[in-house]
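Here is how names work: the chains are called A, B, and so on, in the same order as the sequence lines, proteins then strands, and each is numbered from 1.
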Amino acid sequence: MIKIDYLKNNTRYNPFEFEEKIYNYWVPYFKAKKGKKFFIILIAPPNITGSLHMGHTLENIILDIIARYKRLKGFNIVWFPGTDHAGIATQYVVEKELKKEGLNRFILGKEKFLERVWQWVDKYGNVILDQFKKLGLSLDWSRKKFTLDKKYVWWVEEAFIRYYKAGLIYRALRPVNWCPRCFTSLSDLEIEYKERVDKLYYIKYPLKDGGYLTIATTRPETMLGDTGVAVNPKDERYQDLIGKKVILPLINRELIVVSDLRVDPKFGTGILKVTPAHSLIDYEIGLRHDLEIVSVIDEYGKMNENAGSFKGLDYLQAREKIINELEKLNLIEKIEKINHLVPFCSRCDTELQIIPSYEWFLKMDKLAKLAIEAVKKNEVEIIPLRFKKPYFDWLKNIRDWCISRKLWWGQTIPVWFCKNCGEKSYVVDRRKPKKKCKICKKNNWQKTEEVFDTWFSSALWPFAILSTEQEKKYYPADLVSSARDILHLWITRMIFSGKYFMKKSPFKKVFIHPTVLTKEGKRMSKSLGTGIDPLDLIQKYGTDALRFGIIWQLSAHQDLRFDQVPLEQGQKFLNKIWNAYRFYVLTKEKFANQKNKKISQADRKIIKSLENTKNFVEKSIEKFELGLALKRIYKFFWNEVCDFYLESWKGETKNNLQVLDKVMIDSLKLLHPFLPHITQLIYFALGNKKPLFFEKI
RNA sequence: GGGCGGGUAGCUCAAUGGCAGAGCGUCUCGCUUACAACGAGAAGGUCAGAGGUUCGAUUCCUCUCCCGCCCACCA
């Protein structure tokens, strides 16, 4: 790529001239080789909607440093690139595109809409992977994976069918978190709560035997679906209410007062109206006391036929009207302000409704136990250790996972409903069932339109991407790294899925890496305008300098307040390295005829220091302390190799040339995982023809 | 409401039961033939606050105050 003269004649290193060329040179060598002593890294597949952000950047640079270091330690690296179809996220971005054209998916129809999504996938699906190349990641590009690959889709269906046969999957009508804009159910993890000041209405409910009680609610429109009233059994104020009958205003339904521990005596009046259709806590109470489920709000957020004269109104209009009528009846005791948390769709930011819907659920108790056991027995090591606590806490309190979505984009669930009998009759199968419906005795099956929660699919990632016999040996992986926010969403679910289907944890170590914050300690976010685009940084500083700058600031345990200054420092360091090797080459020429075989004091000192540095770096990398490792190498190279050792070669010297060679070549190897491009370039300039990472450290 | 992390030099962060450290920045001096994108050197800190354990605490324990994050079905 370059000759030694280029190094001798240029005092400045220009990354922009070489980084891409060097990357392209490497690509064939990144291929996972046959053989033994593998180190297997599992990539977190980015969404096809994505473009590179600082989180991906940090995460994958960390992994690449480890990959390159392990290569130098003699390992064969297995690290496949891949992407996630990301159901709800992708559907949402395509819908946003349509909106710009004045369209929406309902106007377009399902078929045309899906065509549009596939067009998007073709156009943008690989953008982020191309951006990964700019980071210098040593990924095996001969094996690109996607969560809608044939084999992958097979595995997702397989998982559903096996869970179903084992009795872990059931269908139920339950109140779920529903996004009226995406028009789908959501899992607990896809909700974002926001604080908001609302009104708390104190409403009088007449008692059948005279008098009244007062309940407090922020959602009076749901009262039309009330099928009970509840108080806490320990609440002394209301002992005599238990068992009494209440007349629901406006509807005149008779309700019974039950007692349930879930009622918080401190909230409002301490009396709860129970609406099992539109509240999860009420649903639970309803189950315990055998209360009816009456839904009054539909999928559009409008009042339905059970809402009587309010039918057809938007829930907010209905609220207003209901309050008006209650006021006329003198049933509003007071209205207070309340600051509370309101659920929103984490994708499109629409306020959610809780409505009853038929959905598929995965029973979590057994699976949670598998996941708990895997970490307890150290089959999976979570680093830093402190993340074990939230891991266990989440699993201990877990509820069944709603795995179905009513989206259009995603993998269809392998279930067939009888066209005549609907909900009452279905078959779980990949192909259209041949047998007849038990109820109507006809063969009239239609595949469901429901799709999987995209996380159900990505939970299978560690083994669903392994399609050939050779690849099957790459399970389990040694290492996966992720951001904190997908610990439950992804990591935990991969662990129990792996344990369940493969009988083994899907990876040995999970490194939960720090979050990249702004210099002020704020979250980086596009919408807030606080984000930094890594591609801009690469354009300005080059990849090696970016890698230096971000890892310089990295500590294994603490969030990273991103500052650009260390990137400038990185550029300076690259130039320092460049010139040190220039001097090395010139010095070798100058002393070419020297026959000195003695080891000088300076030689001894630098060898000692080199060994110490290697040991320190090895230990630090094992602990994911890449920032400390880099700082140590930096100090070693700059202060000890350059300021001390190379200086001692000026003028006349008693140093040994072989020691010089060893120090300079070993330094190059030590620097390589962090600064791969420049070290490879210098390696070429010194007359070598192979990838530097095939050397041994 | 529960949990986690952090508060150390102007900035970003280390380390440690026994003189408080690095990089950047600042200041001084040097363009010594690899590099001024450099070299030599200097200044700079009541280690958030209070109490406790100890011969000795920035470090261990308790409490308080700030900052950040996560989890939770308060209607």
Side-chain angles (χ1 to χ4, degrees), chain A residues 7-13 175-177 188-189 191 193 198 200-201 215-220 222-223 226 229-230 262-275 278-285 338 340-341 343 354 384-394 397 399 483-485 487-488 512 514-515 517-523 545 548-549 552-587 590 625 627-628 630-632 634-635 638-639 642-643 646-647 649-651:
Chain A
L7 175 59
K8 285 200 280 192
N9 297 332
N10 288 280
T11 60
R12 288 179 68 171
Y13 169 63
V176 292
N177 296 291
D188 299 340
L189 293 176
I191 304 164
Y193 290 93
D198 277 322
L200 183 63
Y201 303 90
I215 57 101
T217 180
T218 53
R219 304 219 37 200
T222 63
M223 70 184 283
D226 286 0
V229 169
R262 292 302 302 267
V263 180
D264 179 359
K266 290 194 283 287
F267 185 87
T269 57
I271 308 177
L272 174 71
K273 67 184 205 54
V274 186
T275 324
H278 299 294
S279 156
L280 297 165
I281 181 172
D282 293 16
Y283 173 75
E284 266 182 38
I285 294 174
I338 183 174
H340 68 154
L341 294 172
I354 289 168
L385 286 175
R386 72 179 126 96
F387 289 109
K388 279 188 181 185
K389 192 174 159 48
Y391 176 86
F392 290 130
D393 287 351
W394 188 67
N397 301 314
R399 294 190 301 164
R484 255 201 289 292
D485 48 350
L487 176 62
H488 305 317
I512 306 293
T515 305
L517 305 172
T518 66
K519 207 185 167 208
E520 291 71 36
K522 297 272 181 266
R523 183 169 264 288
F548 178 95
W552 184 262
Q553 303 176 61
L554 176 68
S555 108
H557 308 286
Q558 217 178 314
D559 284 345
L560 185 160
R561 295 187 170 198
F562 185 78
D563 184 1
Q564 292 201 26
V565 173
L567 277 70
E568 288 167 26
Q569 196 187 336
Q571 286 183 305
K572 291 182 189 174
F573 187 44
L574 294 176
N575 212 54
K576 184 76 183 176
I577 293 168
W578 182 256
N579 279 289
Y581 284 89
R582 275 186 71 210
F583 181 77
Y584 163 59
V585 167
L586 296 170
T587 301
K590 179 177 164 195
E625 296 275 15
L628 292 181
L630 176 60
K631 278 177 184 150
R632 180 63 178 255
Y634 175 89
K635 244 183 132 175
W638 199 305
N639 299 122
C642 294
D643 295 346
L646 291 183
E647 285 298 322
W649 278 89
K650 286 185 178 171

[X] side-chain N/O to [N] phosphate OP1/OP2 under 4.0 Å:
| X | N | value |
| --- | --- | --- |
| Ser555(A) | A14(B) | yes |
| Gln558(A) | A14(B) | yes |
| Arg399(A) | C73(B) | yes |
| Arg484(A) | C70(B) | no |

Please state the [atom1] separation for the pair [N] and [M] - nearest whole angstrom.
| N | M | atom1 | result |
| --- | --- | --- | --- |
| C55(B) | A50(B) | C1' | 23 Å |
| U54(B) | C60(B) | C1' | 10 Å |
| C38(B) | U33(B) | P | 16 Å |
| G3(B) | G56(B) | P | 33 Å |
| U59(B) | G49(B) | P | 10 Å |
| A15(B) | A22(B) | C1' | 10 Å |
| A20(B) | A14(B) | C1' | 11 Å |
| U53(B) | A43(B) | C1' | 37 Å |

Starting at the 5' end of RNA chain B, which residue's closest nucleotide do you reach first, Arg582(A) or Pro265(A)?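 Closest to the 5' end, via its nearest nucleotide, is Arg582(A).
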Judged by each residue's nearest nucleotide on RNA chain B, which is more toward the 5′ side, Leu341(A) or Gln553(A)?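 Going by which nucleotide is closer to the 5' end, it is Gln553(A).
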Would you compute the distance between atom NZ of Lys650(A) and atom NZ of Lys590(A) and round it to the nearest 0.5 angstrom?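 The NZ atom of Lys590(A) is 9.5 Å from NZ of Lys650(A), to the nearest 0.5 Å.
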About how many Å separate NZ of Lys576(A) and OH of Tyr634(A), when rounded to the nearest 0.5 Å? 9.5 Å
Under the 3.5 angstrom rule, does the side chain of [X] hit a backbone N or O of [Y] as a donor-acceptor pair?
| X | Y | result |
| --- | --- | --- |
| Glu568(A) | Gln564(A) | no |
| Thr587(A) | Phe583(A) | yes |
| Asn575(A) | Gln571(A) | no |
| Arg582(A) | Lys8(A) | yes |

Using only modelled atom types and a 3.5 angstrom limit, is any donor from either the side chain of Glu647(A) or the base of A34(B) paired with an acceptor on the other?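 Yes.
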In whole angstrom, what separates [X]'s [atom1] from [N]'s [atom2]?
| X | N | atom1 | atom2 | answer |
| --- | --- | --- | --- | --- |
| Leu630(A) | G23(B) | CG | P | 13 Å |
| Asn397(A) | C71(B) | CG | C1' | 10 Å |
| Lys631(A) | G23(B) | NZ | P | 10 Å |
| Trp552(A) | G23(B) | CH2 | P | 8 Å |
| Asp485(A) | C4(B) | CG | C1' | 15 Å |
| Asn177(A) | A72(B) | CG | P | 11 Å |
| Asn639(A) | A40(B) | CG | P | 8 Å |
| Leu560(A) | G68(B) | CG | P | 18 Å |

Side chain to side chain, [X] and [Y], heavy atoms closer than 4.5 Å:
| X | Y | value |
| --- | --- | --- |
| Asp563(A) | Trp552(A) | no |
| Arg219(A) | Asp198(A) | no |
| Thr218(A) | His340(A) | yes |
| Ser555(A) | Leu560(A) | no |
| Ile577(A) | Tyr13(A) | no |

Closest to the [X] side chain: [options]?
| X | options | answer |
| --- | --- | --- |
| Asp643(A) | C73(B), C74(B), A40(B) | A40(B) |
| Tyr634(A) | C24(B), A75(B), C35(B) | C24(B) |
| Phe583(A) | C24(B), C73(B), A34(B) | A34(B) |
| Lys635(A) | C4(B), A22(B), A34(B) | A22(B) |
| Arg561(A) | A34(B), C13(B), C35(B) | C13(B) |
| Ile281(A) | C73(B), A72(B), G23(B) | C73(B) |
| Val565(A) | C24(B), A75(B), A40(B) | C24(B) |
| His488(A) | A72(B), C71(B), G23(B) | C71(B) |
| Trp394(A) | C38(B), A72(B), C4(B) | A72(B) |

Classify the nucleic acid contact of [X] as base, sugar-phosphate or nothing, counting any heavy atom under 4.0 Å across all strands shown.
| X | result |
| --- | --- |
| Gln569(A) | sugar-phosphate |
| Tyr193(A) | sugar-phosphate |
| Asn575(A) | base |
| Glu568(A) | nothing |
| Leu628(A) | sugar-phosphate |
| Lys576(A) | base |
| Asp393(A) | nothing |
| Arg219(A) | nothing |
| Trp578(A) | nothing |

When you check every protein heavy atom under 4.0 Å of nucleotides 26-33 of chain B, what one-letter string (B, S, -) results, 5' to 3'? --------
Will you find, in the side chains of Arg484(A) and Thr515(A), an N or O donor that is under 3.5 Å from an N or O acceptor? yes
Testing the basics here: between Thr269(A) and Ile215(A), what is the closest heavy-atom pair and its distance to 0.1 Å? OG1-CA, 3.7 Å
Taking Watson-Crick and G-U wobble contacts under 3.5 angstrom, with | marking pairs to another strand and [ ] crossing pairs, the secondary structure of RNA chain B is written (((((((..((((....[..)))).(((((.......))))).....(((((..]....))))))))))))....
Just do the side-chain contact (heavy atoms from CB on, under 4.5 Å) check on Phe267(A) and Ile338(A) with the steps written out, would you? CA-CA 11 Å; Phe267(A) 185 87; Ile338(A) 183 174; 3.7 Å; yes
